[in-house]
Chemist: 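Below you will find the structure I want to go over with you.
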Amino acid sequence: MFRLIVNFFKEIGILLNGTAKFAADASKALENSADEMLKASTLSRARAAEKYKKDKAQMVIDGGYESEEAMDKAHDELLESITKRSKR
């Protein structure tokens, strides 16, 4: 009877160790997945920022502005004049 109880607890120990290993492996896989998602997100943001810079530079050229600052100022003034008109 004693041997049966000892074997039972050994089996429980083996099961718990297996479960702990599975949980550790799942945790590591989740961490790796999160790291990959962060890298992909960072790359996506970098590409979007680069595209924005190119598009803005092209808008400066197409609009005939001297610089990005001049274009931004003109757009701000236009927005302000539209906003003032709508308040009347």
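Reckoned from all heavy atoms, side chains included, excluding hydrogens, waters and symmetry mates.
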Chemist: Got Arg47 and Tyr52 here, is their nearest side-chain heavy-atom distance under 4.5 Å?
Modeler: no

Chemist: Determine the sole option in Asp55, Ile61, Val60 for which the side-chain contact (heavy atoms from CB on, under 4.5 Å) test with Gln58 is passed.
Modeler: Ile61

Chemist: I'd like to know whether Lys51 forms a side chain to side chain contact (heavy atoms under 4.5 Å, CB included) with Lys56, so could you lay out the CA-CA distance, the side-chain angles of the two residues, the decisive distance to 0.1 Å, and finally the verdict.
Modeler: CA-CA 8 Å; Lys51 183 178 182 324; Lys56 192 166 184 182; over 6 Å; no

Chemist: Can you confirm whether Ser33 sits close enough to Met37 that some side-chain heavy atom of one is under 4.5 Å from a side-chain heavy atom of the other?
Modeler: yes

Chemist: Can you find a heavy atom in the side chain of Met59 that is under 4.5 Å from one in the side chain of His75?
Modeler: yes

Chemist: More than 12 foreign heavy atoms under 6.0 Å from NZ of Lys53: is that the case here?
Modeler: no

Chemist: To the nearest 0.5 Å, tell me how far Leu43 CG sits from Leu38 CG.
Modeler: 9.5 Å

Chemist: If Ile, Leu, Val, Met, Phe, Trp and Tyr residues are connected whenever their side-chain heavy atoms lie under 4.5 Å apart, and connections chain through other members, are Phe9 and Leu16 in the same group?
Modeler: yes

Chemist: Which distance, rounded to the nearest 0.5 Å, do you find between the CG of Asp25 and the CG of Leu30?
Modeler: 12.5 Å

Chemist: What's the spacing between Leu15 CG and Glu11 CD if we round to 0.5 Å?
Modeler: 9.0 Å

Chemist: Consider only side-chain heavy atoms of I, L, V, M, F, W and Y, link residues closer than 4.5 Å, and tell whether Met71 and Leu79 are in one cluster.
Modeler: no

Chemist: Between Ala74 and Tyr65, what is the shortest heavy-atom contact and its length?
Modeler: CB-CE2, 3.7 Å

